[in-house]
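All remarks here apply to the structure that follows.
Values reported hereafter were calculated over all heavy atoms of this structure, with side chains retained and with hydrogens, waters and symmetry mates removed. Remember, it's 1-based here, ligands and their atoms both numbered in the order they're listed. Given the structure is predicted, the values throughout are model-derived calculations rather than measurements.
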Amino acid sequence: MNASDDIIIIGGGLIGLSLAVELKLRGAHVTVLSRNFQEAAGHVAAGMLAPQAEVIPPGPMLELGLRSRALYREWISKLEEITGLDTGYWHCGILAPVYEIPDHTELYQPPNSPAIWLDQQAIHKHQPGLGVEVVGGWWFPQDAQVDNRRYLVKALQTASQQLGVQILEGVEVEAIARNSKTIEALQTNQGAITGSHYILTAGAWSGQLLPQVPVYPRKGQMLSLKVPESFESLPLKQVLFGTEIYIVPRRDGLIVIGATLEDVGFSVGLTPDGVQTLLAGAIRIYPVLRDFPIQEFWWGFRPTTPDLLPILGTSPFDNLTLAVGHYRNGILLAPITAKLIAESVLDQKSDPLLEYFAWERFSPAPLQR
Ligand code: GLY
């Protein structure tokens, strides 16, 4: 397609806005349709940039995550330069304490990205105040974080607006009118909208719009605490990534704790079990938190696919590209998604990595006769 053609992005969350900025910087005309900016998964996550702490096995997904993490600093600098806004990027490293010594204390070490095993004595020295049950853990010095909820989404929205992306907030796509090969129009609560090319970035709601895209919600509940005024300095200067719990300290003393993983559809709200699980898990790994003042609770929906990997690239329709299903890694994967999808849409360039994330893996081609 030509850069002068209109690209319509369906979904104004973190992935949609990252793509809007990237496409606009490459000269495209871009419109973003956002049903409700506040609902997007980018507002929910803790902002860990954790391809190693998430222990993604070696393969295309880890490569995607590592490539994205490597892009982050430059991507953030560009956004901060455009907007003048901070994004809370912090190359703080992630410590992953364990309660049982694993069978072997060797982990895949990508080039220039060590995973360092710390025994009991070493980990308690590395991070004073850990729970007494912690018997060792991994240190991932290259993993990092960004303050997605307070800063990054705002910076992306501001950058989009400053660059001239048209953001239509409150526009809900209700149906996608299509024939067997082409998207013809989007039926929205504000009437029909058409463009030359469409990109689906509707997060956990993507599966409701196109049956060929199996994306469904997986709920996460979260909360935040604040370091009390009586502390002279931050007690935590790195992320703690435990079993089914993570604790993400921000530089201004906020501490984000997450997250439950629940298959409950789009059922909204907090539950006693969810909140109790988070508090108990956090206090077990870092007991000093038990007296910290609680700031806030929230929840949201991760966009999940049957194999937990994103769906990226072409679709069954010539004029529709997919960037959905980022599951636990949407914040991490935003820069690489924006880059690879922009190259695919504007330059018809398909990075070899995209083939592993193709929609066809959920739609085997009929046998040739
Ligand atoms: N990225 C961690 C989570 O989805 O909870």
Hey, which atoms in ligand 1 end up nearer than 4.0 Å to a heavy atom of E54? 1 (N), 2 (C)
Where ligand 1 meets A259 - atom numbers and elements under 4.0 angstrom, heavy-atom basis: 5 (O)
For atom 2 (C) of ligand 1, what's the nearest protein heavy atom and its distance? Y246 OH, 3.3 Å
D351 bridged to R67 by N-O distance under 4.0 Å: yes
Any idea how W117 and W138 line up, ring-wise: parallel (<30°), tilted (30 to 60°), or perpendicular (>60°)? perpendicular
Of the protein's non-hydrogen atoms, which lies at the shortest distance from atom 1 (N) of ligand 1, and what is that distance? R328 O, 2.7 Å
Is the closest side-chain donor-acceptor distance between T271 and Q221 under 3.5 Å? yes
Can you find a non-hydrogen atom of M222 under 4.0 Å from ligand 1? no
Assess the side chains of H126 and Q238: does a donor N or O sit below 3.5 Å from an acceptor N or O? yes
Quick one: sort the F266 and W205 rings into parallel, tilted or perpendicular, breaks at 30° and 60°. parallel
Shortest protein contact, atom 4 (O) of ligand 1 (heavy atom only): R302 NE, 2.7 Å
